[in-house]
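As structure tokens, the structure follows; a few thoughts come after it.
Just so you know, these numbers use all the heavy atoms, side chains as well, and skip hydrogens, waters and symmetry mates. First the proteins, then the strands, lettered A, B, ... as listed; each starts at 1.
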Number of protein chains: 2
Amino acid sequence: MSEPVGGLPVAPVGDRATMRDVAALAGVSLKTVSRVVNGETTVAPELAERVQRAVARLAYRPNRTASNLRRGSARTGVIGALLQDVSNSFSAGLLRSLEDQARARRDVVLTASLDEEAEREHLLVSDLVGRRVDGLVMMPASVDQSYLAADVAAGLRVVFVDRQPRGVAADSVTVDNRRGAVMATNHLLSLGHRRIAFLADLTSIETSRERRLGYEAALREAGVDLDPDLVVTGLRTPDAAEEAAIGLLDGSAHAPTAVFAGRNVVTIGVARALRTLGLSHQVALVGFDDFPLAELLVPGLTVVRQDVARLGREAAEQLYARIEGDTSPPRARVIPPRLVLRGSGEIAPRRR
Amino acid sequence: MSEPVGGLPVAPVGDRATMRDVAALAGVSLKTVSRVVNGETTVAPELAERVQRAVARLAYRPNRTASNLRRGSARTGVIGALLQDVSNSFSAGLLRSLEDQARARRDVVLTASLDEEAEREHLLVSDLVGRRVDGLVMMPASVDQSYLAADVAAGLRVVFVDRQPRGVAADSVTVDNRRGAVMATNHLLSLGHRRIAFLADLTSIETSRERRLGYEAALREAGVDLDPDLVVTGLRTPDAAEEAAIGLLDGSAHAPTAVFAGRNVVTIGVARALRTLGLSHQVALVGFDDFPLAELLVPGLTVVRQDVARLGREAAEQLYARIEGDTSPPRARVIPPRLVLRGSGEIAPRRR
DNA sequence: TTGAAAGCGCTACCAC
DNA sequence: GTGGTAGCGCTTTCAA
């Protein structure tokens with residue numbers, strides 16, 4: 001408990017005035033305060049005035065959680081966004097897009113990063129359900145989300161983004177990763193590349209697997225043998241990707257003439273390796289995910305761009321449709337990626 | 001209301017089973033359910049077992065808001081992060097750092113972007129206070145935060161980040177922007193530059209003003225006249241910055257030989273302009289804020305780097321100290337920036 | 001060990 | 001117009 005300071009009554013930290021305190025100070029009933037606070041017009045101006053003064057004097061702020069409880073309101077005005085890592089531009093862009101949709105509905109967003117850890121996902125879903133969020137947009141870290149089934153049956157609304165749900169029927173908005181990988185690989189093949197390396201993140205990540213499948217399908221379709229030595233996965237940081245790329249680009253006849261990088265973090269590492277080895281203009285590079293400075297590199301970075309804003313917008317729209325009562329069967333929306341040519345991907349294979 | 005599906009009772013969307021439902025199904029009293037749910041050991045194994053089964057059958061999830069309400073718990077386990085734009089790498093990095101601190105304490109983070117709009121700030125503070133967040137970390141959009149005084153007196157805990165509070169006594173963790181600008185400008189001056197342009201964001205933003213003051217102080221200190229034509233502010237996007245830079249770098253004798261860009265968004269625009277004009281190796285560029293790809297540009301981008309992770313960590317630590325009862329006077333921590341040389345800032349002035 | 005009653009801050013319903 | 005009473009989902013007494 002604190003001492004009064006500067007003549008103002010100071011409540012213990014965290015304790016705020018209640019409606020009853022306001023009613024007592026204004027000399028009216030609790031219900032009258034409620035009416036004034038909620039903007040009902042059936043209050044005599046003089047009483048309303050007294051209440052307003054008491055509200056100001058006590059810095060009274062209505063407790064929305066209590067209000068929601070009593071109202072039995074099905075809505076808390078909060079949605080949860082469970083993303084991979086909000087400091088990564090992909091998750092950050094997604095979050096911003098979700099926030100814009102929430103904002104338009106006067107809702108707020110509870111955010112968390114899962115870091116590809118299934119356990120964190122379980123923990124956070126449980127936490128947010130306990131807080132009675134109106135819905136969840138989630139980029140799952142787990143391989144199987146059947147643990148959600150009971151909650152979904154009990155009314156939990158969840159929309160998957162970037163990755164498909166497994167083990168539970170739910171809406172999703174994803175990018176056509178396989179198609180994007182096919183586009184990138186075909187592009188390199190069309191320039192004459194035959195030794196194309198694929199460097200990517202954890203194989204436990206669906207998008208990573210899909211991109212690999214696309215890469216392999218394109219090679220097969222072109223009649224090019226798959227060389228397992230040209231595929232490296234499990235790369236979680238630029239440093240790891242750089243090291244892997246340097247290992248591959250050893251100058252031997254077996255070295256790849258082009259690299260397809262499966263994720264933004266990997267692309268950075270590969271670009272660094274090419275720079276270090278002086279091969280930026282000799283070895284072609286196409287990355288998945290765009291960057292703010294990609295066009296300013298030399299050569300400019302060729303990428304498969306995902307429309308992150310659209311991904312977030314459509315996921316949020318789907319979630320709000322559910323919140324507003326849409327009970328149609330789960331829907332899987334797929335957004336097409338786009339190949340953006342800037343130079344690094346248009347390098348022809350080196351003559352030997 | 002939905003029809004029962006698959007034999008399971010389906011509640012109307014949003015309506016979840018309550019403790020009473022569980023008690024009824026298990027054939028015990030409400031209080032016994034409460035005991036089991038809260039892990040109290042004073043329940044007969046057989047009863048506990050019955051309760052657990054009912055919990056599972058109904059997908060019961062304790063309502064944390066109701067629990068908090070009754071407990072009179074001063075803590076909701078939620079902190080608010082009011083940043084500028086979570087899709088910008090600066091805010092995104094900050095958010096991630098805050099989240100890490102919250103996570104260590106099993107708290108979650110409510111996030112919102114203010115977009116430099118004071119009105120949004122007011123709206124969101126009001127919203128989050130109504131939701132009884134335990135505290136707020138905020139990067140203010142408003143010029144004056146005296147509107148917060150009453151809430152702060154009533155126990156609201158708020159820590160300012162990146163920008164100092166005005167009109168209210170509160171903790172802050174900021175970067176020494178003026179010092180960073182002095183470092184950047186001195187660096188350019190030491191290479192012989194005398195016509196150094198300064199391009200920046202809105203002058204309503206404190207960091208923007210501070211950086212300008214540092215720029216001007218360094219020039220004055222070096223005995224270099226300030227040329228108002230070399231200062232352009234109000235640049236909010238890369239496009240605006242690019243256009244402004246192209247206007248300045250018109251090839252005349254009055255054109256600057258170096259540019260100091262006051263923010264990441266501006267730096268992108270200036271770098272584009274230099275590229276477009278073929279001046280990347282002729283005109284020096286130092287930017288405020290670092291980028292993931294900055295080292296890969298040609299020349300590498302010289303920047304004033306802010307330790308975003310530390311900024312967030314210290315802000316969160318300060319906030320939690322307050323939440324845990326620290327009542328010492330407000331504290332203003334200032335974090336030193338660092339000049340990172342990569343090439344673009346080490347270009348000597350062109351001979352005329 | 002178990003449960004009935006009261007009440008957290010607020011609003012719905014019904015009297016006055 | 002105004003105010004009492006009941007009760008949202010839960011926990012805290014305190015009896016049994």
Sugar-phosphate or base contact per nucleotide [nucleotides 9-16 of chain D; S, B, -; heavy atom under 4.0 Å]: BBBB----
Give me the atom names and distance for the closest heavy-atom approach of A/Ala59 to B/Ala150. CB-O, 3.7 Å
Only counting residues at least two apart or in another chain, list the ones meeting side chain to side chain contact (heavy atoms under 4.5 Å, CB included) with A/Arg64. A/Asn68, B/Asp127, B/Arg131
Taking side chain as C-beta onward, heavy atoms only, is B/Val129 less than 4.5 Å from A/Arg16? yes
Does D/dG1 have its OP1 or OP2 closer than 4.0 Å to a side-chain nitrogen or oxygen of A/Thr42? no
With B/Ser328 via side chain to side chain contact (heavy atoms under 4.5 Å, CB included) - residues at least two apart: B/Arg322, B/Asp326
Partner set under side chain to side chain donor-acceptor pair (under 3.5 Å) for B/Gln145, not counting sequence neighbours: B/Ser142
Please list, chain by chain and in numerical order, all residues satisfying side chain to side chain donor-acceptor pair (under 3.5 Å) with B/Gln101, sequence neighbours excluded. none
Using a 4.0 Å cut-off to any heavy atom of chain B, which nucleotides of DNA chain C are the first and last in contact, reading 5' to 3'? C/dT1 to C/dG9
Sidechain N-carboxylate O distance under 4.0 Å for A/Asp151, B/Arg61: yes
Do B/Arg105 and B/Tyr320 form a cation-pi contact, if we require the NZ or CZ to be under 6.0 Å from the six-membered ring centre and within 45 degrees of the ring's axis? yes
